[in-house]
Protein chains: 2
Amino acid sequence: MPNSQFLSDLAATVDAQGLLTSAEQLRVYECDGLAAYRQLPLAVVLPTTEQQVIAVLRCCHRHQVAVVARGSGTGLSGGALPVEGGIVLSLTRMNAILNINPLGRSARVQPGVRNAAISEAAASHGLYYAPDPSSQIACSIGGNVAENAGGVHCLKYGLTVNNLLAVRAITSEGELLIAGGEAPDQPGLDLLMALTGSEGLLAVITEITVRLLPKPQVAQVILAAFPTVGAAGTAVANLIGQGIIPAGLELMDQATTRAVESFVQAGYPTDAAAILLCEADGTAEEVRADIEAMSQVLREAGATALRVSCSEAERLTFWAGRKAAFPAAAKLAPDYYCMDGTIPRHRLAEVLDGIAGLAAEHGLACINVFHAGDGNLHPLILFDANEGDQLHRAEALGARILELCVAVGGAITGEHGVGLEKINQMCVQFGEAELRQFQALKAAFDPALLLNPGKAIPSLHRCAEYGRMHVHQGQLPFSNLPRF
Amino acid sequence: MPNSQFLSDLAATVDAQGLLTSAEQLRVYECDGLAAYRQLPLAVVLPTTEQQVIAVLRCCHRHQVAVVARGSGTGLSGGALPVEGGIVLSLTRMNAILNINPLGRSARVQPGVRNAAISEAAASHGLYYAPDPSSQIACSIGGNVAENAGGVHCLKYGLTVNNLLAVRAITSEGELLIAGGEAPDQPGLDLLMALTGSEGLLAVITEITVRLLPKPQVAQVILAAFPTVGAAGTAVANLIGQGIIPAGLELMDQATTRAVESFVQAGYPTDAAAILLCEADGTAEEVRADIEAMSQVLREAGATALRVSCSEAERLTFWAGRKAAFPAAAKLAPDYYCMDGTIPRHRLAEVLDGIAGLAAEHGLACINVFHAGDGNLHPLILFDANEGDQLHRAEALGARILELCVAVGGAITGEHGVGLEKINQMCVQFGEAELRQFQALKAAFDPALLLNPGKAIPSLHRCAEYGRMHVHQGQLPFSNLPRF
């Protein structure tokens, strides 16, 4: 067995519960939230300390074994999919909240801490951690940093990167890097920014310091119904254009609204072509002013009905519908495929038309949920994997939708990452120079290319095989669309 | 002449006005805003198009000649100081505003455009570009990106990095990189973040797309007087602690206030130990609410006098004093040395005491102006370069102040960059692993090490010679200070 020496060296880096090698134990780790791809790893290692992470990485480096770091496994792009012959480095046992600093308004935590657990720990100080991905009950802060996760409130409060102060991270050679700090800006090149959203390709993060915010005193949400999707899109553009930054601004099309309504009875108007959820938070005075200003813009854009939440319970009910959109989609078809693209906000209506056209062309239904305020689309393609070539058509439609996003000046991922899922679309998003620069950056951190190989950055060879041309901001292949 | 072939190749890359080689023309470029360091370049080249920048860089790469990119030359850390035998690539002729997009709220500009010119061009749409370094009338947006510039309003609106959407940049091998876009987040590794603040070490930026914001309808500023610097520091901590984000929050000590008042008559109370300027902007309703909440916090922290600006003219007068702090310092002593460190906000009073102690130890006076809200200090060390060893003592005191910032968990630069000035302090700020990682990142973009060599990133050899130990967050050499 060529692996036996490696496995016995690996066993020496962690405690007895820290190494899994039996097939039934490994099965749990064969995929992440993108279950269409599966691969058993050689082993799973679960360190409990930074020193153990260093020992694991040095052992893997000595034996030239690939390492896939994994948080809670909720990722949707296959970023934590194991690599054949490689190990999974699970960080779930490193789940301590090391420090809550109410005066400095920061929390220092280990990477396996759940997103929601940070806000729970900070609640007694009236503070919380703002980025709130839909999976926040389960997903880990380490995974959030690796994917630069967003959420419903990131329009106002920013993505993970905007709420991050510092990390400690270990390179594939087992070297500790300390990046960032409590003070603003950082001298030297920005290692913190380079590591954020790097999908496990550059280093393994062992400690994270995040910014905490004071909990808003009041929050209210408007539920607005629109006769056309275009009118809702105009409302979004006008809100932002007038300098109003809602705490959340979500759009759902009619198919989604109907599916959700029969699922959770959130009180959504099922006769509207689109609905918007538009939240304000802050002091009572700020919220009153914002709700008034927002209502006026929504009405002027053609909203046919406006309801403002009158209590915290009603606010949560309005949001419950949005949060149930994915499970509700599962009632419409046996399978769905959740896409994640971004577009310049003002091209929303046009892109929705484009998606409808592409869906019809592929003979599939597609429902639409958006973080409208920041132009982050989540089209859900409905299909039945057991029916003919529907799976294949769903994947093809997904690829075309992402390429449409690129064509209007957007991007192939807003918050789910590239992972394995969208690696071909990277060839559409970027040209050769950028791809080569990504590879050079990767090698600057991980010269042996052991961390999460085959993810996020395609080889030039792969792009040549994929054969789709690099699209720069609306020139190809959707040449009928104006340049933004 | 070994250079004659290079110079004739270089001349072919630009138009007749684009190459300067006579000593009197070169003299203009021998230093930037840090005039203590001077060096004549071999030549200055002034391209007018991206194609010319590519040609210049390819020519320099072929001849292995160093390139220092330069915007308006207002930098304070020697980042644009020429390198012996190298050229200066001045971007001042690339000063076109290419596009103002009011719906997408963005501006696409060439790197030589002045910071203030962007807001001027956007004004007719009711929009502006938020980051406002003190040099904004003169400094270029390209230089702002290279230094990740801040300004009085960056507490609320962020640094350059937070207001940047995309750049086009040319590597030292003459390859075009396109980084970022109008949509949020970006797939792949974050080239945009890597380039921002990279002080001309990674690539030469040829086009920049920035975010524009709607001009606030109203702005008002409070001028608050405090009996002690500690009380003003407490007021800052309490404002931020309560979730109030002023549009600007500046602190001046008594020596600064007195110098300024005799210089511009801004109406500052010269008997106060410290004053705070605390601005609110937004709708009339928001400003009224914010000014009320701020006033209460300031009073509770011990403010002895509060004045709220009653008109736009009075608001500008209040700010005029702050903006005149540097010229006013010049009236106190023949020379001053402006430092730029950051600290965790809640350690402000303690660090002010520390600076006073260090200044006394070095036998020099030091006055203090701060972007208090985000913990960015600008101590001005007063001296007379013609008196004994005062210049030497001023530099030594500056170094010690920066090391104090590091010791409390802060950083050696908030917005002026490392350049040549603070390259030794990088050895205090970072350990060997981070410095080696910076070098690897630099080499990933510029393998021949031709862009701005000798700046920002010290060699390990240099750090060994400097002999000051790496300080990590308060352990050395200020071991009496608690860890944050």
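Below, chain A is the first sequence line, B the second, and so on; all start at residue 1. Values reported hereafter were calculated over all heavy atoms of this structure, with side chains retained and with hydrogens, waters and symmetry mates removed.
Checking side-chain atoms of A:R345 against main-chain N and O of B:L103 turns up no donor-acceptor pair under 3.5 Å. In terms of modelled atom types and a separation under 3.5 Å, the side chain of B:E434 and the main chain of A:I178 share a donor-acceptor contact.
Of all heavy-atom pairs spanning B:S198 and A:L189, the tightest one is CB-CD2, 3.6 Å. The two residues A:M426 and B:G188 have their closest heavy-atom pair at CE-CA, 3.5 Å.
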Evaluate B:Q437 against A:L177 for side chain to side chain contact (heavy atoms under 4.5 Å, CB included), listing each step before the verdict. CA-CA 8 Å; B:Q437 192 57 59; A:L177 297 176; 3.9 Å; yes

Pair A:D290, B:E286 - check side chain to side chain contact (heavy atoms under 4.5 Å, CB included), show working. CA-CA 9 Å; A:D290 278 355; B:E286 285 166 353; 3.7 Å; yes

For A:N162 and B:N162, what are the C-alpha separation, side-chain angles and deciding distance, and is it a side chain to side chain contact (heavy atoms under 4.5 Å, CB included)? CA-CA 8 Å; A:N162 308 112; B:N162 308 112; 4.1 Å; yes

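With chain B as the partner, the residue from A:I412, A:L435, A:L191, A:L127 showing the most heavy-atom pairs under 4.5 Å is A:L191. Looking only at heavy-atom pairs under 4.5 Å with chain B, the residue among A:V418, A:I240, A:L213 that has the most is A:I240.
Taking the charged nitrogens against the carboxylate oxygens, B:R436 and A:E175 do have a contact shorter than 4.0 Å, which makes a salt bridge.
Neither the backbone nor the side chain of A:T283 comes within less than 4.5 Å of any heavy atom of chain B.
Heavy-atom neighbours of chain B within the stretch residues 438-446 of chain A, taken at a separation under 4.5 angstrom, comprise A:F438, A:A440, A:L441, A:K442, A:A444, A:F445.
Remark: B:Y157 engages B:D281 in a side-chain hydrogen bond (donor to acceptor under 3.5 Å, both in side chains) (not counting sequence neighbours).
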